[in-house]
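Each residue takes its place number in the sequence, starting with 1.
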Amino acid sequence: MLSLYSMLDKVIKNGRLTLTDAKGVTHSFGGTAPGPEAAIRFTKASTPLQIAINPELNAAEAFMDGELVMESGSIHDLMLLIFANKTRFDRSPNQIFWRSVSRKLRRFQQNNALTRARANVQAHYDIGEDIYKLFLDRDMQYSCAYFPDGSKTLEEAQTLKKRHLAAKLRLGNGQRLLDIGCGWGGLGLYLAHAADIEVVGVTLSERQLAVARRRAEILGVSDRVKFELIDYREVEGKFDRIVSVGMLEHVGAHFLQPYFLTVRDRLADNGVALIHSISGMSPPGITGPFLRKHIFPGGYAPSLSEAVAAIEHTGLWMLDCEIWRCHYGYTLRHWRERFLANREAAIAAMDERFCRMWEIYLSMCECAFLQGTSNVVQMQLGRERDAVPITRDYIGEEEARLAEREKEFLERVVASAHQALEGN
């Protein structure tokens, strides 16, 4: 296993890293090709060894604990430098060792059985809405927004996302819709106003549930929009439409087939399901140790090949599959900039260590979508091959219709989020 300095000397070729150790000695790495630059300082003599032992996890924790300090620039500058050299980082003996260990432990690390799933979800989503209010849009959409030309505000892009999903679902009055992983209720409430439908949203987050239910009360739709604290595997009945945004990442690689079998069993014969999930252009992999330990315990973004292999055993038709490449990167950039603009409020709500952790999380994920191999997929599924038209023309037509209809309800639905939060 390489020492930290030997590893940095071998992997950093694009850009430059200036590193000052705890004794005040300065080391320089890279500079053979243009790229990002960063300057860091270690405050403890043991930090280089700790990072060398497990680079991806221990470097992040060193920053969280104040043992790795940015001398110039921000942690995002360091993250840009890492991603500019990521291929060589991933091929270093240190990283290869830990990734091989993680692959062997993947079943345990992604244990989202009924007995563990709720705790895994609550570890991230029940930390308090005060944090999420600092960087999300007004509707509290905690998933990838839609930036068709890259110029929209976060609020506009999240509306476009909901409109796009609604158009693909081909909503009709009298339908029954299941929202798996309903978050703070924004998407389900949008869909319930886009058409006269019944919505059942399910979540394992008690705090999200309380806000979603309060929003339905504020909007006067509690009679046909229900939110329940229940695992998707425990839902009963049939639904004309199923939507799931940002939920597949919490299923786990070994539960993909049961998840899609559940979608099949809950879907009416002529129904349509739309599954929106983080994925990537690389083969099946693992969840990085920092994200797994500190951000999303049990989380895993499946490759498209894994998802499709699971779907193939269910008898469901893949009616359409759309790949969103940079959209989540743009979304995360908005989130990171908003979080930094409200950093003092975040410290007051949590503490300095949490804020450093959240900065790494948002920056790492932004880079993964704009410089790495991550993307988002939208898989449209049905039990019948003709559940939707055989061309995509209907999507644009329905989006135009929804854009007109939104004028009647969008502001009320969006405003209900913070009205509900203020009451909790």
Side-chain angles (χ1 to χ4, degrees), residues 112 114 117-118 120-127 129 132-133 136-145 158-159 161-166 168-169 171 175-195 197-251 259 262-263 266-267 271-278 296 299 378 409-410 412-414 416-421 424:
N112 283 298
L114 280 167
R118 181 172 297 187
N120 286 341
V121 167
Q122 291 178 347
H124 185 80
Y125 295 97
D126 281 357
I127 60 174
E129 287 77 28
Y132 293 105
K133 284 164 58 178
L136 297 183
D137 67 301
R138 291 174 60 220
D139 195 41
M140 300 291 284
Q141 290 292 308
Y142 193 27
S143 60
C144 179
Q158 290 291 10
T159 296
K161 183 266 298 291
K162 289 176 286 189
R163 187 189 302 165
H164 195 64
L165 293 168
K168 285 187 171 185
L169 286 166
L171 302 174
Q175 290 176 346
R176 192 165 185 249
L177 178 141
L178 173 64
D179 183 359
I180 301 177
C182 63
W184 288 281
L187 177 60
L189 291 165
Y190 175 96
L191 299 176
H193 283 78
I197 64 173
E198 177 187 343
V199 174
V200 176
V202 299
T203 179
L204 291 178
S205 166
E206 294 181 359
R207 298 185 71 123
Q208 288 186 334
L209 176 73
V211 172
R213 284 179 169 174
R214 178 63 183 140
R215 292 182 71 178
E217 292 173 2
I218 290 169
L219 293 167
V221 293
S222 296
D223 58 328
R224 61 186 182 92
V225 181
K226 311 287 187 182
F227 295 106
E228 304 293 342
L229 190 71
I230 188 174
D231 190 279
Y232 69 94
R233 289 162 285 198
E234 299 176 310
V235 176
E236 297 180 351
K238 292 285 187 178
F239 297 85
D240 304 291
R241 298 292 185 263
I242 296 176
V243 67
S244 182
V245 177
M247 165 58 195
L248 193 63
E249 301 94 313
H250 296 286
V251 168
Y259 171 87
T262 299
V263 170
R266 301 282 72 80
L267 195 61
V272 176
L274 188 57
I275 313 300
H276 169 120
S277 172
I278 295 172
F296 294 113
Q378 285 187 352
F409 67 83
L410 182 61
R412 289 186 295 109
V413 171
V414 169
S416 70
H418 280 234
Q419 291 176 38
L421 289 168
N424 280 317

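- When side chains are defined from C-beta on, Phe227 does not count as touching Trp184, because their heavy atoms never get closer than 4.5 Å.
- With sequence neighbours left out, Arg412 forms a salt bridge (charged side-chain N to carboxylate O under 4.0 Å, His left out) with no residue at all.
- Considering only heavy atoms from C-beta on, Leu421 comes within 4.5 Å of Lys133 through its side chain.
- Looking at Arg241, its side chain does come within 3.5 Å of a backbone N or O of Leu169 through a donor-acceptor pair.
- Scanning both residues, Leu248 and Ser244, for their nearest heavy atoms gives N-OG, 4.5 Å.
- In this structure, Thr262 has no side-chain hydrogen bond (donor to acceptor under 3.5 Å, both in side chains) partners at least two apart in sequence or on a different chain.
- The main-chain N or O of Ile275 is never found under 3.5 Å from a side-chain atom of Gln378 such that the two would form a donor-acceptor pair.
- Across all their heavy atoms, Ile218 and Ser416 have their closest contact at CD1-O, 4.0 Å.
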Decide side chain to side chain contact (heavy atoms under 4.5 Å, CB included) for Cys182 and Glu228; before the verdict, give the C-alpha distance in whole Å, the side-chain angles of both, and the deciding distance to 0.1 Å. CA-CA 9 Å; Cys182 63; Glu228 304 293 342; over 6 Å; no

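- Here the CD-OG distance, from Glu249 to Ser277, works out to 3.5 Å after rounding to the nearest 0.5 Å.
- Annotation: side-chain contact (heavy atoms from CB on, under 4.5 Å) contacts of Ala417 (sequence neighbours excluded): Met140, Arg215.
- Shown here for Val263 and Ala273, the closest heavy-atom pair between the two residues is CG1-CB, 3.8 Å.
- Ala216 and Leu189 get closest at one heavy-atom pair: CA-CD2, 4.1 Å.
- The distance from the CZ atom of Arg138 to the NE2 atom of His418 is 7.5 Å, given to the nearest 0.5 Å.
- Within the 4.5 Å cutoff, the side chain of Tyr132 has heavy atoms near those of the Ile127 side chain.
- Summarising the geometry of Leu274 relative to Lys168, their closest heavy-atom pair is CD2-CB, 3.7 Å, with the distance given to 0.1 Å.
- For Tyr190, the ring pair (Phe, Tyr, Trp, His ring centres under 6.0 Å) partners are Phe409, not counting sequence neighbours.
- Under the side-chain contact (heavy atoms from CB on, under 4.5 Å) criterion, Cys144 pairs with His276, Trp324, His327, Tyr328, Thr331, Val376, sequence neighbours left out.
- Side chains of Leu191 and Leu177 form a contact here, defined as non-hydrogen atoms less than 4.5 Å apart.
- Remark: Arg266 pairs with no residue by the salt bridge (charged side-chain N to carboxylate O under 4.0 Å, His left out) rule, at least two apart or across chains.
- Under the rule for a side-chain hydrogen bond (donor to acceptor under 3.5 Å, both in side chains), the partners of His164 that lie at least two apart in sequence or sit in another chain are Glu322, Glu399.
- Remark: Lys162 pairs with Asp139 by the salt bridge (charged side-chain N to carboxylate O under 4.0 Å, His left out) rule, at least two apart or across chains.
- Among residues two or more places apart in sequence or in another chain, the side-chain hydrogen bond (donor to acceptor under 3.5 Å, both in side chains) test is passed with Tyr142 by His124, Tyr361.
- With sequence neighbours excluded, the residues forming a ring pair (Phe, Tyr, Trp, His ring centres under 6.0 Å) with Tyr259 are Tyr232, listed by chain and number.
- Between Met247 and Gly181 the shortest heavy-atom distance is CB-CA, 4.4 Å.
- Side-chain contact between Leu204 and Asp231: present, with at least one pair of heavy atoms (C-beta onward) separated by less than 4.5 Å.
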Could you go through Val243 and Ile180, starting from their C-alpha distance and side-chain angles, then the distance that decides it, and tell me whether this counts as side chain to side chain contact (heavy atoms under 4.5 Å, CB included)? CA-CA 6 Å; Val243 67; Ile180 301 177; over 6 Å; no

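- For Leu229, the side-chain contact (heavy atoms from CB on, under 4.5 Å) criterion is met by Arg118, Glu206, Leu209, not counting sequence neighbours.
- A distance of 9.5 Å separates CG of Leu267 from CG of Leu178, quoted to the nearest 0.5 Å.
- Taking Arg176 as the reference, Glu198, Val200, Phe239, Asp240 meet the side-chain contact (heavy atoms from CB on, under 4.5 Å) condition, with sequence neighbours excluded.
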